[in-house]
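Only one structure is covered here, and it is reproduced in the block below.
Just so it is clear, the model here is predicted, and its values are computed rather than measured.
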Amino acid sequence: MHAGVKRMIPMAHDSNCIFCKIVRGEVPSRKVYEDDDVLAFHDIQPQAPVHFMLVPKSHVASLYDVTDADTRALGRILTLAGRLAREQGAGDGFRTIINTGRVGRQDVKHVHVHVLGGPEPLGPMLARPDK
C-alpha cells in the first residue's frame with residue numbers, strides 16, 4: 001500500500017449506504033436474485049435493455065477495500081453473472097462493469113457489478129479520444 005493511502009476496514013453494513021439499505025429491505029428494489037451472500041437487483045436508471053447489479057450483502061466500499069474475507073461473495077457474484085444475464089434476456093453476450101473510486105466514476109461506495117446486455121450489441125465501452 002502506498003504511503004498516505006488509508007485503507008478502510010469493511011463493515012457488515014453502513015447505515016448511510018443506499019445498497020446496504022436495499023440489502024436490509026429498507027429501500028425497495030426489483031430483485032433478480034438473492035442468497036446469503038449476494039443480492040442482485042435491477043438498476044433504477046438502466047443503460048441497456050438488461051441492466052442489473054450484483055452486490056455483496058456485506059458492506060465493502062470499493063475494490064480497493066476487498067480482503068480475503070470477501071472472496072466467497074465476490075466469487076459468487078462472478079459465478080452468477082452469466083446465468084442471471086441469460087435469465088434476464090442477455091442470451092448472446094453481456095458486459096460487466098465494476099467502477100472503482102473517483103477516476104472510475106464509482107457513484108455508490110459499495111462494491112457492485114453492473115451487468116448490461118440485450119438483444120443487440122452494446123456501444124463502445126469508453127469514448128475514444130480524438131487523435
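- To the nearest 0.5 Å, the span separating CD1 on Ile98 from OG on Ser62 amounts to 10.5 Å.
- For the pair Val32/Gln88, a side-chain contact is recorded, criterion being any heavy-atom separation below 4.5 Å from C-beta on.
- Note on residues 97-108: no pairs pass salt bridge (charged side-chain N to carboxylate O under 4.0 Å, His left out), not counting sequence neighbours.
- Applying the under-4.5 Å side-chain rule to Ile, Leu, Val, Met, Phe, Trp and Tyr, the cluster around Ile22 extends to Ile18, Phe19, Val23, Val27, Leu39, Phe41, Met53, Val55, Val108.
- Hydrophobic clustering (ILVMFWY, side-chain heavy atoms < 4.5 Å, transitive): Ile97 and Leu63 are in distinct clusters.
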All N/O donor-acceptor pairs, side-chain side in residues 114-123, below 3.5 Å, sequence neighbours left out:
| unit_1 | atom_1 | unit_2 | atom_2 | d |
| --- | --- | --- | --- | --- |
| His114 | ND1 | His51 | NE2 | 2.8 |
| His114 | NE2 | His112 | NE2 | 3.4 |

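- Surrounding CZ of Arg24 are more than 12 heavy atoms belonging to other residues, nucleotides or ligands, all under 6.0 Å away.
- Contact of the Phe94 side chain with the Val50 side chain is not registered, since no non-hydrogen atoms from C-beta on lie closer than 4.5 Å.
- Partners of Arg76 by side chain to side chain contact (heavy atoms under 4.5 Å, CB included), not counting sequence neighbours, listed by chain and number: Tyr33, Asp35, Val38, Thr79, Leu80.
- Listed here is the closest heavy atom pair of Arg86 and Gly91: CG-CA, 4.4 Å.
- Under a 4.5 Å side-chain heavy-atom cut-off, the cluster of Ile, Leu, Val, Met, Phe, Trp and Tyr residues that includes Val103 has no other member.
- Taken from NZ in Lys21 to OG in Ser15, the straight-line distance is 7.5 Å, to the nearest 0.5 Å.
- Judged purely by atom type and a 3.5 angstrom limit, Lys31 has no side-chain atom pairing as donor or acceptor with the backbone of Pro28.
- Nearest heavy-atom pair across Ala40 and Phe52 is CB-CD1, 4.3 Å.
- For residues 36-49, every residue pair satisfying the salt bridge (charged side-chain N to carboxylate O under 4.0 Å, His left out) rule, not counting sequence neighbours, is listed here: Asp37-Arg72.
- Taking each heavy atom of Lys109 and Cys17 in turn, the nearest pair found is O-SG, 4.4 Å.
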